[in-house]
Amino acid sequence: MDQALWPSGLRVLVIDNNSSYLSVMEELLIKCSYKVTTYKNVREAMSFIYGNQQTVDLIICDVFFPTEDSLLILQEVTSKFGIPTVIMSSNGDTATVMKYITNGASDFLIKPLRIEELKNIWQHVFRKQIGAEHRKCNNAEHVDQLPYRTMGITEATATLDSEIRENNGTVTDIRDLRKSRLSWTMQLHRQFIAAVNSLGSDKAVPNKILEIMKVKHLTREQVASHLQASPEKFESKIAQRWRSFIIEP
DNA sequence: GGTTTAATAT
DNA sequence: TATATTAAAC
């Protein structure tokens, strides 16, 4: 293969709680002549990204089952900074892969990763950029405006024109007189999840979530309702019970 | 008495 | 099914 064709120096951030596999990944990626940064948890990795903006081109992240909210933190950051994310897992059942891909992951790779696969991951960086340009030209609705549970990005949905947005895409107002009830869009849901995560899963109550989200015309009741329906909340509760079950039987 | 959550309604 | 509303529980 022609070494010159590879985008050497691509800055890759790897997140995996298994430190031995983290070093395996680092070794493989360095062989691809990428620049590698490694982190053992999502939280630290995200603060690195916030502190060093535009120094990461691609993120490779392990699925941290059962605390899947890490994926949602990733989503928030990647959508904010436009960094493509590749998910890796030893378990590659179709439902799981589908779930991550439809939630914005650029690729889903099965462990153990071969260097042949890593040599090609740079394509996601370009694909993402091209996709963004394409969306701009077509004046297509943004993925963030789709309902957060939609399975396919091709599904047609009316845009919420009166969702007032800032430049970074953050929803600041949900008022829409055409709609009788609120629709939780991808972006609104991300902000919700970000708020839940910034509190703990134990301290995440409707009032505090609402306070952090800073979305005009969003009510405590709406947040409460969403919190009940939130699969993330549900799953983290299961995880919590799991832990307490294991620790104190 | 406000807030949260379970249950129920739409 | 997703969101809203009710009402019990905290």
Side-chain angles (χ1 to χ4, degrees), chain A residues 43 63 65-76 78-80 87 93-105 108 135 140-166 169-248:
Chain A
R43 239 168 249 285
V63 296
F65 188 81
T67 55
E68 288 186 60
D69 49 11
S70 62
L71 175 79
L72 290 145
I73 302 173
L74 260 182
Q75 271 181 26
E76 150 139 27
T78 54
S79 66
K80 185 171 270 182
I87 303 295
D93 66 277
T94 308
T96 308
V97 175
M98 178 75 83
K99 179 177 178 181
Y100 283 83
I101 293 298
T102 56
N103 275 293
F108 195 107
R135 251 194 307 287
E141 57 192 319
H142 197 273
V143 177
D144 290 350
Q145 292 172 217
L146 292 170
Y148 78 105
R149 266 180 216 279
T150 2
M151 284 308 281
I153 56 171
T154 53
E155 195 166 314
T157 306
T159 56
L160 302 174
D161 293 334
S162 55
E163 268 191 359
I164 301 162
R165 292 157 184 283
E166 292 173 350
T170 307
V171 177
T172 58
D173 195 337
I174 56 157
R175 181 174 39 188
D176 188 340
L177 298 177
R178 297 165 306 168
K179 289 266 164 40
S180 60
R181 51 192 240 168
L182 167 67
S183 174
W184 284 87
T185 60
M186 286 278 187
Q187 178 55 34
L188 195 57
H189 181 63
R190 274 196 205 103
Q191 288 170 222
F192 166 83
I193 290 300
V196 170
N197 279 307
S198 73
L199 301 160
S201 58
D202 50 336
K203 295 283 280 180
V205 291
N207 241 2
K208 289 177 182 172
I209 295 168
L210 184 66
E211 192 182 332
I212 290 176
M213 287 181 73
K214 287 170 188 161
V215 179
K216 284 173 192 171
H217 304 102
L218 185 66
T219 67
R220 183 163 48 79
E221 286 79 4
Q222 287 172 317
V223 172
S225 178
H226 192 60
L227 189 62
Q228 296 191 63
S230 166
E232 292 76 21
K233 180 73 179 180
F234 183 65
E235 283 170 19
S236 71
K237 265 189 177 173
I238 288 178
Q240 224 170 348
R241 281 176 197 162
W242 240 51
R243 271 193 295 276
S244 62
F245 184 71
I246 291 166
I247 292 166
E248 37 184 319

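The figures here come from the full heavy-atom set of this structure, side chains too, leaving out hydrogens, waters and symmetry mates. Per chain, numbering begins at 1; letters A, B, ... match sequence-line order.
Nearest heavy atom pair, residue A/I212 against residue A/A195, reads CG2-CB, 3.7 Å.
Note: NE2 (A/H189) to C1' (C/dA2) measures 13 Å, nearest angstrom. Between the CD atom of A/Q228 and the C1' atom of C/dA2 there is a distance of 12 Å, given to the nearest Å. Taking atom CD on A/E211 and atom C1' on B/dT3, their separation rounds to 13 Å, with Å as the unit. Atom-to-atom, CG of A/L182 to C1' of C/dT1 comes out at 15 Å; the value is rounded to the nearest Å. A/L218 has its CG atom 12 Å from the P atom of C/dT3, to the nearest Å. C/dT3 atom P lies 19 Å from atom NE2 of A/H217, rounded to whole Å. Following rounding to the nearest Å, A/L227 (CG) and C/dA2 (P) show an atom-to-atom distance of 15 Å. The distance between atom CZ of A/R220 and atom C1' of B/dT5, rounded to the nearest whole Å, is 12 Å.
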Next item on the list: Begin with the C-alpha distance, continue with both residues' side-chain angles, and end with the deciding distance and a verdict on side-chain contact (heavy atoms from CB on, under 4.5 Å) for A/V171 and A/M213.
Entry: CA-CA 9 Å; A/V171 177; A/M213 287 181 73; over 6 Å; no
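Distances shorter than 4.0 Å separate some side-chain N or O of A/Q222 from OP1 or OP2 on C/dA4. At C/dA2, none of the side-chain N or O atoms of A/R181 fall inside 4.0 Å of OP1 or OP2 (strictly under the cut-off).
Comparing B/dT3, C/dT5, B/dT5 against the side chain of A/E221 picks out C/dT5 as the nearest.
The aromatic rings of A/F192 and A/H226 lie perpendicular to each other, with more than 60° between the two planes, well past the 30° mark.
Rounded to the nearest 0.5 angstrom, A/I174 CD1 and A/H217 NE2 are separated by 8.5 Å.
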